[in-house]
There are 2 protein chains.
Amino acid sequence: MATSCFAARLAKQVPLSDAEKTALARLEENPRKVKRGAMVQRVNDTVTELFVLREGRMMSFVIMPDGSRQILRVYFPGDFIGSASTIYSRAPESLIALTDAIICPFDKHALRRLLDESPRVAALLFLLSNAERVAMTDRLASLGRTSAKARVASFLLDMFDRIRVTDDAITDSFDLRLTQEEIGDSIGLTSVHVNRMIRQMEEEGLISRSNGRITLRDIARLEEIGHYTNRQKDMDLDWLPVG
Amino acid sequence: MATSCFAARLAKQVPLSDAEKTALARLEENPRKVKRGAMVQRVNDTVTELFVLREGRMMSFVIMPDGSRQILRVYFPGDFIGSASTIYSRAPESLIALTDAIICPFDKHALRRLLDESPRVAALLFLLSNAERVAMTDRLASLGRTSAKARVASFLLDMFDRIRVTDDAITDSFDLRLTQEEIGDSIGLTSVHVNRMIRQMEEEGLISRSNGRITLRDIARLEEIGHYTNRQKDMDLDWLPVG
DNA sequence: CGCTTTTTTGAAGTCGGTCAAGTTCCGTGG
DNA sequence: CCACGGAACTTGACCGACTTCAAAAAAGCG
């Protein structure tokens with residue numbers, strides 16, 4: 001049985017039964033390629049689909065009335081995308097591919113079947129959703145109460161840790177694959193100021209860059225500057241019903 | 001059978017079977033009074049409990065290293081509090097009572113039992129959690145990409161709509177029960193600037209105030225200024241498995 | 001190799017912060 | 001019921017972090 005991308009991700013948190021893996025694999029039966037820059041979902045579109053991102057990177061965002069953009073989330077392989085459509089009939093956010101990507105769309109009725117058949121998976125999804133909520137509150141505190149430099153630092157660390165979840169080979173450097181404008185739109189700054197902060201952090205020896213690749217040279221101090229905490233560490237899912 | 005506070009809230013979204021109501025009621029078997037200002041949970045505390053807020057108001061927040069505070073969420077009766085402890089063994093945020101309140105703590109093992117017995121309730125919790133996530137992204141966009149005035153406007157509208165969920169009597173005015181400093185700590189401003197904005201909105205006839213009570217005088221324009229959308233409206237839960 | 005996109009840099013402007021000093025509100029106890 | 005004291009609100013002057021505008025340099029791409 002081919003383990004699905006999403007199941008592989010979940011299995012890192014908690015052991016899954018074969019039946020559960022099979023059920024999860026069914027969500028990924030219809031892989032679809034999307035080109036870099038392709039708009040997968042537009043705000044206010046009627047939506048009934050969710051996605052598992054199998055390959056590449058995507059992001060969700062909204063455009064404000066003055067034309068400025070707020071990037072809400074960057075997605076990596078194994079991420080579960082578009083859970084908002086489980087409750088809303090219209091998309092609250094747009095969805096675009098940052099790189100060429102492979103997504104696996106599935107209907108919310110397929111999700112319903114999964115929830116029916118696999119209560120434990122339902123519980124897991126609930127937990128993952130709570131983890132997202134916590135990540136969101138971290139960003140909220142970052143936007144609301146920290147300086148530009150702190151935001152850039154914690155943003156880089158967050159990307160770093162997210163990429164590392166699926167790629168064990170990474171130790172201190174990674175491909176961000178985001179323009180400085182996109183970074184700014186994620187953390188509520190202008191690209192100009194993002195540039196100044198990155199440049200400053202480079203001069204201070206906190207990070208270094210070469211053709212799009214970022215190396216974190218002093219993670220401890222970056223964490224301090226960004227008031228960042230990696231939450232992966234003290235996850236505790238032992239209390240879950242056993243499969 | 002006494003319908004629980006939380007069940008009543010859920011039942012507004014989707015019909016619940018008696019069995020489900022009973023199961024939910026068990027979460028509220030141990031009501032506990034807390035005084036205004038009481039700290040119910042402190043950041044980094046070991047946590048195993050969740051809460052249903054039955055009466056009063058509470059809030060969650062974090063304190064940044066420089067002493068500033070970011071309020072993450074204000075809770076109203078019927079809200080489900082502390083879902084972070086379903087995944088993290090240490091509290092990522094503090095929890096304090098804004099008014100005298102009644103909370104119903106329950107252990108995460110009680111939640112586990114509920115998820116086991118009632119897959120449909122598990123699904124509902126998953127959906128509610130997704131709704132929270134969307135509300136969070138709205139705030140993120142507000143903090144990241146809108147002016148001080150817009151943030152105050154959308155904050156007031158958000159409180160208004162949340163209070164209205166449980167109190168049908170409300171048409172255009174409500175008790176905020178938050179100081180201007182608390183408002184500022186919610187939306188990333190200083191109390192001084194919150195005051196300036198509120199005052200300005202009062203002069204423009206957008207709102208009015210009398211002994212702590214806020215009246216929204218021009219909701220349409222407030223929504224425009226705050227780039228606010230009430231998401232309650234286009235919720236769609238019809239596709240859920242039937243009880 | 002030419003064209004677009006992205007990064008970099010500088011100068012000037014502004015929104016919201018900081019500081020500080022009233023003023024009003026409100027709960028408490030006499 | 002009033003006096004007192006602390007918390008919350010209000011106001012003004014000044015400041016600075018980040019934005020805006022603009023333009024050049026560098027990098028990526030077909």
Side-chain angles (χ1 to χ4, degrees), chain A residues 35-37 59 64 66-71 96 98-100 142-156 175-204 207-214 225-226, chain B residues 35-37 59 64 66-71 96 98-100 142-156 175-204 207-214 225-226:
Chain A
K35 283 245 165 295
R36 177 165 170 281
M59 69 174 183
M64 310 304 283
D66 69 349
S68 66
R69 174 178 65 174
Q70 176 66 47
I71 294 178
I96 207 175
L98 283 167
T99 65
D100 287 354
S142 181
L143 288 203
R145 284 292 180 231
T146 76
S147 70
K149 195 172 175 187
R151 289 188 228 174
V152 173
S154 69
F155 182 79
L156 291 178
D175 281 319
L176 193 52
R177 288 170 181 293
L178 289 174
T179 66
Q180 294 177 1
E181 181 153 21
E182 285 163 342
I183 298 175
D185 286 349
S186 295
I187 58 181
L189 296 172
T190 58
S191 60
V192 174
H193 207 60
V194 168
N195 181 274
R196 285 197 254 261
M197 293 302 105
I198 285 184
R199 192 140 285 283
Q200 187 187 326
M201 288 162 72
E202 202 172 16
E203 270 163 28
E204 292 172 7
I207 62 174
S208 61
R209 293 175 300 160
S210 69
N211 50 344
R213 203 168 174 80
I214 300 224
I225 290 170
Chain B
K35 283 243 165 294
R36 177 167 170 280
M59 68 174 186
M64 310 304 283
D66 69 349
S68 67
R69 174 177 66 173
Q70 176 66 46
I71 294 178
I96 206 175
L98 284 167
T99 66
D100 288 352
S142 181
L143 287 203
R145 284 293 181 231
T146 76
S147 69
K149 195 174 175 186
R151 288 189 228 174
V152 173
S154 69
F155 181 79
L156 292 178
D175 281 319
L176 192 52
R177 288 170 180 293
L178 289 174
T179 65
Q180 294 178 0
E181 181 154 21
E182 286 162 342
I183 298 175
D185 287 348
S186 295
I187 58 182
L189 296 172
T190 58
S191 59
V192 174
H193 207 62
V194 169
N195 182 273
R196 287 197 259 258
M197 294 301 105
I198 286 184
R199 192 140 285 281
Q200 188 186 328
M201 287 163 72
E202 202 172 16
E203 271 162 27
E204 291 172 7
I207 62 173
S208 61
R209 294 175 298 160
S210 68
N211 49 346
R213 203 168 174 80
I214 301 224
I225 290 170

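Atoms considered below: every heavy atom in the structure, side chains included; atoms not considered: hydrogens, waters and symmetry mates. In what follows, every chain begins at residue 1, and chains take the letters A, B, ... in the order their sequences are listed.
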Next on the checklist: Rounded to whole Å, how long is the line connecting atom CG of Asp66(A) with atom P of dT19(D)?
Outcome noted: 13 Å
Checklist entry - Counting any heavy atom closer than 4.0 Å, what does Ser191(A) reach on the DNA or RNA strands: base, sugar-phosphate only, or nothing? => result nothing
Checklist entry - Would you say Thr190(A) reaches dT19(D)'s phosphate, i.e. side-chain N/O to OP1/OP2 under 4.0 Å? => result yes
Item to check | Leu189(B) side-chain proximity, nearest of dT19(D), dT8(C), dG16(C) | outcome: dG16(C)
Next on the checklist: So does Asp185(B) get a backbone contact from the side chain of Gln70(B), meaning a donor-acceptor N/O pair under 3.5 Å?
Outcome noted: yes
Checklist entry - Rounded to the nearest Å, what distance is computed from the CD atom of residue Glu182(B) to the P atom of nucleotide dA8(D)? => result 7 Å
Next on the checklist: Taking 4.0 Å as the cut-off, does a side-chain nitrogen or oxygen of Arg199(A) come that near to OP1 or OP2 on dT9(C)?
Outcome noted: yes
Item to check | Contact under 4.0 Å: Asn195(A) side-chain N or O vs dT8(C) OP1/OP2 | outcome: yes
Checklist outcome for this item: When rounded to whole Å, the CD to C1' distance for the pair Gln180(A) and dT19(D) reads 16 Å
Checklist entry - Where the side chain of Val192(B) is defined as all heavy atoms beyond and including C-beta, which of dT19(D), dT18(C), dT7(C) is the nearest nucleotide? => result dT18(C)
Next on the checklist: Rounding to an integer number of Å, can you tell me how far Gln200(A) CD sits from dT9(C) P?
Outcome noted: 13 Å
Next on the checklist: Please determine whether a side-chain nitrogen of the Lys or Arg among Lys149(B) and Glu204(B) lies less than 4.0 Å from a carboxylate oxygen of the Asp or Glu.
Outcome noted: yes
Next on the checklist: What is the separation between atom CD1 on Ile183(A) and atom P on dC18(D), rounded to the nearest whole Å?
Outcome noted: 16 Å
Checklist entry - When you match Arg209(B) and His193(A) each to their closest nucleotide on DNA chain D, which lands nearer the 5' end? => result Arg209(B)
Checklist entry - Just how far, in rounded Å, is P of dT19(D) from CD of Glu181(A)? => result 12 Å
Checklist outcome for this item: Nearest heavy-atom contact between Arg145(A) and Ser68(B) is CD-OG, 3.6 Å
Next on the checklist: In this structure, how many angstroms lie between the C1' atom of dT20(D) and the CZ atom of Arg196(A), rounded?
Outcome noted: 10 Å
Checklist outcome for this item: A correct 5'-to-3' footprint of nucleotides 24-30 of chain D, with B, S and - meaning base, sugar-phosphate only and no protein heavy atom under 4.0 Å, is -------
Next on the checklist: Within a 6.0 Å radius of atom CZ on Arg36(A), are there more than 12 heavy atoms belonging to other residues, nucleotides or ligands?
Outcome noted: no
